[in-house]
Amino acid sequence: MKPRAIIWLAVILTATMFGFASKTAGVAVNDVYAVTLSMQVNYQDDLNGIPVIGRVQVINKHLINLALGHPPTNAVPRNQVLAVTYECGSQNPRLVVFDKS
């Protein structure tokens, strides 16, 4: 497996743990807060048969593109932001891509 595939697999698993959603349709949302996330993702590759651990910085742009199914290096429109939503009566926040327009 190539390193980039491993990196994005790790991000997908992390995003799943956060309860990622690309839209809030059908959800009664009380509060929406813009967030800035940054995380280090570790991956393993081999260099001439020797296992090597690498590290990559993942930022909002990468997470938004991942959630929307776009390549990670695509530009993100200014109206799309990473946000946390809280449903009325729920203790579980959700990490979403929010369209400000």
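Every value quoted in this text rests on a predicted model; they were computed, and no experiment measured them.
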Discussion item. Just verifying a value: how many Å separate Gln80 CD and Asp99 CG, rounded to the nearest 0.5 Å?
Written reply: 5.5 Å
Discussion item. Give me the atom names and distance for the closest heavy-atom approach of Ser38 to Ile59.
Written reply: OG-CG2, 4.3 Å
Worksheet item: Quick one: CD1 on Ile64 to CG on Leu95, what's the gap to the nearest 0.5 Å?
Response: 9.0 Å
Item to complete: For Asn65, enumerate each residue passing the side chain to side chain contact (heavy atoms under 4.5 Å, CB included) test, keeping only those at least two apart in sequence or located in another chain.
Response: Lys61, His70, Asn74, Val76
Worksheet entry | Distance in Å, Leu68 CG paired with Leu63 CG, rounded so as to fall on 0.5 Å steps | 11.0 Å
Discussion item. What's the separation between atom OH in Tyr86 and atom CZ in Arg94, rounded to the nearest 0.5 Å?
Written reply: 13.0 Å
Worksheet entry | Distance (rounded to the nearest 0.5 Å) between His62 NE2 and Gln57 CD | 9.0 Å
Practice prompt. Would you name the heavy atoms of Asn60 and Leu37 that are closest together and state the gap between them?
Written response: OD1-N, 2.6 Å
